[in-house]
Every structure is written in C-alpha cells, then in structure tokens.
*Asks:* 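The structure under discussion is supplied below as structure tokens; questions concerning it will follow.
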Amino acid sequence: MTACDPSSPLWCYVPNKGAAYAFAILYFLNAVGHWYQCWKYKAKYTIPLAVGATFTTVGFCFKIVSSYHLDVLGLWIPAAILLFTAPPIYSAADYFVLAKTLHYIPSQAPMHPGRVVTTFVTLDTLCEMLMGTGVGQVVNYDNPKKVRIGTILIKCGLILQILLFLAFVAVAFRFHSNVRKANLVGRWTTVLYVLYTSAFVISVRCLYRVVEYFMGTTGPLFRHEAYFHVFEATLMLINVLVLNFFHPARFLPKSNKIFLNENGQEESADRGGWDDKRPFFITLVDPFNLVGLLKEREEKKKRKDNAYLMDTKAGSTNAV
C-alpha cells in the first residue's frame, strides 16, 4: 500500500478546516431543527433523522480538532466512524417514515406496515456491522492484511446496503402504484416524493463509497477531500434539509390508529387499519406474506382450471 502524505498520515489529505467548520455548523442547525420537529409534532419515528444529524455534527467536530493534530489516531477514529455511519442512520429514518405511511393507507400496503422497520432495519444493521468491522480493520495502516480484509468487508456491506435500499424503493413504488390505482392520492403523497428524493441522494452516496473502496486507498476518491464534500457531506445535507422543509409529520396523522379507508375517508381503530391474522412470529419471518400470495395464486389457478372444465363439459353436453 502506498503511504499517505507524511503531513497527514491518517486522512491521506490535509482537511479543509473552513469546510469542516461550515458543515459542522450547518449540520448542528439541522440537528436542532430535527430535534425540535420531533418534539413539536410528537413524531418519534423521525428521531433517526435527528440522531443522524447529531452524529454528523459530532463527526465534523472531531474532524476539526483532528485537522490541527493530523497524526493523532484517537481523534481520527471517532471522526471517521461517525461520518461514515451517519448516512445509514438516514436510511433507517426512511424505513420508519415508509412504515408510518403504510400504516396510514393500510389497504394498499404491499407488506405488513409494522414489519417494514423490523425487516429493513435488521438487515441494514447487519450491513452496518460489516462496515463497522471493516472500518475497524482499515485503521490498521501498518498491517496490509487487516486493511485488505477491512476493505473487503466495507465493499460487501456497501453493496448489500445498495441492494437493500433498492428493495425498499421497490416497496415504496409498489405502494405508490397501488394508491394511484385506488385513487387515494392526496396531500400526504408528498411524503412518497420526499422518500424518493432521499433514496436517490443516499444511493448516490453509497455508490460513491463503493467506487471509493474499489479504487482503494491510493485512488483519487480516497485521497482528495473534495469528493467527500460533494458526494457525501453535501448530498446528506440536502437529504436532511429536504426532510426538514417537508417533514413527514406535516402530512401524516400522529397516531397509527388513524388510517385512510378504501373510500378515501379517515377512520380510527384501536389496532389501526391493517388486519393480519397470522401469528406474530410468522409476520416477522414472512413480512410480505409470500406464502399467502403463493396459496392465493394456486387457488386462482384451480378456480380457472375448474371453470375451464365446466365450460368444456357444458360444450360437450350441448353438442350431444
């Protein structure tokens, strides 16, 4: 592995202090805004947005201090970990927001609303563990083998995260399509467009990180801070700002007990509008009810075959 610039052995570039200060201030203001909106709207499901912005703020604070002490590992590690792990928290926020949206229009939900978070966040956590372990290995600059293993773990985690996020977007798009067919589009649909925007910028960030780690620590993406400023710091700032200005709680009811029925009218029920009589454990293992869908498909095929046989018999009788 080619050694980094001796003047900045950990970052492999000399951090731009002005940019670090600017992003720290902007993310701090954003974090304050999200914490305030969580309190104002009583929207617990948006707490990950506030947590992510807080992580990023603290990460940039460590980066500022690290920029004055470029060879201190104890300052570089928390900065690198916090800045790297904050974006996946924004992904988790999207999962919570989609779950809340499915609770509001349960009749068109392509999966159990209560299992959006458990399914996607659990899988996302596994990706996060892979990447976190990888970052822990990459910091061992004096051990090429550990750096190589860490890089492989980070690549795997990032690729799996992209695939997971594509599945998430597919669920959101299917839900949006169902809503349009049912003519239930309304002011609340703004939330879906916000999720699409968030998904796009987060996906671009993930692709940037994938390319960065495939190019390796000697590549330009790793050794030039400008790429990080554009494809991560700025994109994630756009993401959280969009969710500030178009906060989901402005368009969705506070309680999951309130839902929109198939006629487009709001109702209230203790258990909400989603009705799933399957055991709790089964909903965890099969949140999309794939078993039920397969059974339903088989039943439809049987009914179609039976109808065909009846028509055939009727035709034979008439011929006689």
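No experiment lies behind these values; they were computed from the predicted model shown.
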*Asks:* With a 4.5 Å limit on heavy-atom distance, are the side chains of Phe175 and Ile105 in contact?
*Replies:* yes
*Asks:* Kindly say whether the aromatic ring centers of Phe96 and Tyr45 come within a distance under 6.0 Å.
*Replies:*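 Not close enough - the centres of the two rings lie 6.0 Å or further apart.
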*Asks:* Say whether Ser198 and Asn239, considering side chains only, have a donor N or O and an acceptor N or O under 3.5 Å apart.
*Replies:* yes
*Asks:* Would you call the rings of Tyr68 and Tyr21 parallel, tilted or perpendicular, taking 30° and 60° as the class edges?
*Replies:*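 Judged by the thresholds at 30° and 60°, the geometry between Tyr68 and Tyr21 is perpendicular.
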*Asks:* State whether the number of non-hydrogen atoms from other residues, nucleotides or ligands found under 6.0 Å of Met129 atom CE is greater than 12.
*Replies:* no
*Asks:* Taking the six-membered ring for Trp and the full ring for Phe, Tyr or His, determine whether the centres of Tyr193 and His176 are under 6.0 Å apart.
*Replies:*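 Tyr193 vs His176: aromatic centres under 6.0 Å.
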*Asks:* Would you say Asp124 and Phe165 make side-chain contact, with heavy atoms under 4.5 Å?
*Replies:* no
*Asks:* Does a side chain donor of either Asn261 or Glu267 reach within less than 3.5 Å of an acceptor in the other side chain?
*Replies:* yes
*Asks:* I want to check a possible cation-pi pair here: Arg205 against Phe84, using under 6.0 Å from ring centre and within 45° of the ring axis as the test.
*Replies:*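 Yes; both conditions hold, so Arg205 lies above the ring face of Phe84.
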*Asks:* I'd like to know whether OH of Tyr208 has more than 12 heavy-atom contacts from other residues, nucleotides or ligands below 6.0 angstrom.
*Replies:* yes
*Asks:* Please list, chain by chain and in numerical order, all residues satisfying ring-ring contact (aromatic ring centres under 6.0 Å, His included) with Tyr36, sequence neighbours excluded.
*Replies:* Trp39
*Asks:* Are the side chains of Val116 and Val171 in contact, using a 4.5 Å heavy-atom criterion?
*Replies:* no
*Asks:* How about Leu252 and His103: do any of their side-chain heavy atoms sit closer than 4.5 Å?
*Replies:* no
*Asks:* Are side-chain N/O atoms of Thr101 and Trp188 paired as donor and acceptor at under 3.5 Å?
*Replies:* no
*Asks:* Considering all heavy atoms of both residues, which atom of Ala50 and which atom of Ala31 are nearest to each other, and what is their separation?
*Replies:*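 Minimum heavy-atom contact is O-CB, 4.4 Å.
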*Asks:* Which pairs pass salt bridge (Lys or Arg N to Asp or Glu O under 4.0 Å) with one or both residues in residues 150-171, sequence neighbours excluded?
*Replies:* none
*Asks:* Using the side chain to side chain contact (heavy atoms under 4.5 Å, CB included) rule, pick out the option among Leu184, Leu260, Val179 that qualifies with Ser107.
*Replies:*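 The residue from Leu184, Leu260, Val179 that satisfies side chain to side chain contact (heavy atoms under 4.5 Å, CB included) with Ser107 turns out to be Leu184.
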*Asks:* Between Trp11 and Ser67, does any side-chain donor sit less than 3.5 Å from a side-chain acceptor?
*Replies:*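 No donor-acceptor contact under 3.5 Å links the two side chains.
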*Asks:* Stepwise, does the side chain to side chain contact (heavy atoms under 4.5 Å, CB included) test hold for Leu164 with Tyr95?
*Replies:* CA-CA 11 Å; Leu164 179 63; Tyr95 304 146; 3.8 Å; yes
*Asks:* Verify side chain to side chain contact (heavy atoms under 4.5 Å, CB included) between Trp76 and Leu73, making sure each step is shown before the conclusion.
*Replies:* CA-CA 5 Å; Trp76 178 81; Leu73 189 63; 3.9 Å; yes
*Asks:* Between Tyr227 and Glu232, does any side-chain donor sit less than 3.5 Å from a side-chain acceptor?
*Replies:*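 Result is no, nothing qualifies.
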*Asks:* Give the intermediate values and the outcome of side chain to side chain contact (heavy atoms under 4.5 Å, CB included) for residues His34 and Val240.
*Replies:* CA-CA 9 Å; His34 273 299; Val240 288; 4.0 Å; yes
*Asks:* Could you check whether atom CZ of Phe246 has more than 12 heavy atoms from other residues, nucleotides or ligands sitting under 6.0 Å from it?
*Replies:*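 No, the 6.0 Å shell around CZ holds no more than 12 heavy atoms from other groups.
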*Asks:* Taking the six-membered ring for Trp, are Phe60 and Phe23 closer than 6.0 Å centroid to centroid?
*Replies:*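 Aromatic pair counts; centres sit under 6.0 Å.
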*Asks:* Answer with yes or no after comparing the ring centroid distance for His224 and Tyr13 against a 6.0 Å cut-off, counting only values under it.
*Replies:*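 His224 vs Tyr13: aromatic centres not under 6.0 Å.
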*Asks:* Is there a donor-acceptor pair closer than 3.5 Å between any side-chain N or O of Thr119 and the backbone N or O of Arg115?
*Replies:* yes
*Asks:* Quick one: salt bridge (Lys or Arg N to Asp or Glu O under 4.0 Å) partners of Lys100, sequence neighbours excluded?
*Replies:* none
*Asks:* Taking Ala199's backbone N and O only, do any of them form a donor-acceptor pair with Ser203's side chain (distance below 3.5 Å, no angle check)?
*Replies:*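 Side chain of Ser203 to backbone of Ala199, a donor-acceptor pair under 3.5 Å: yes, one is there.
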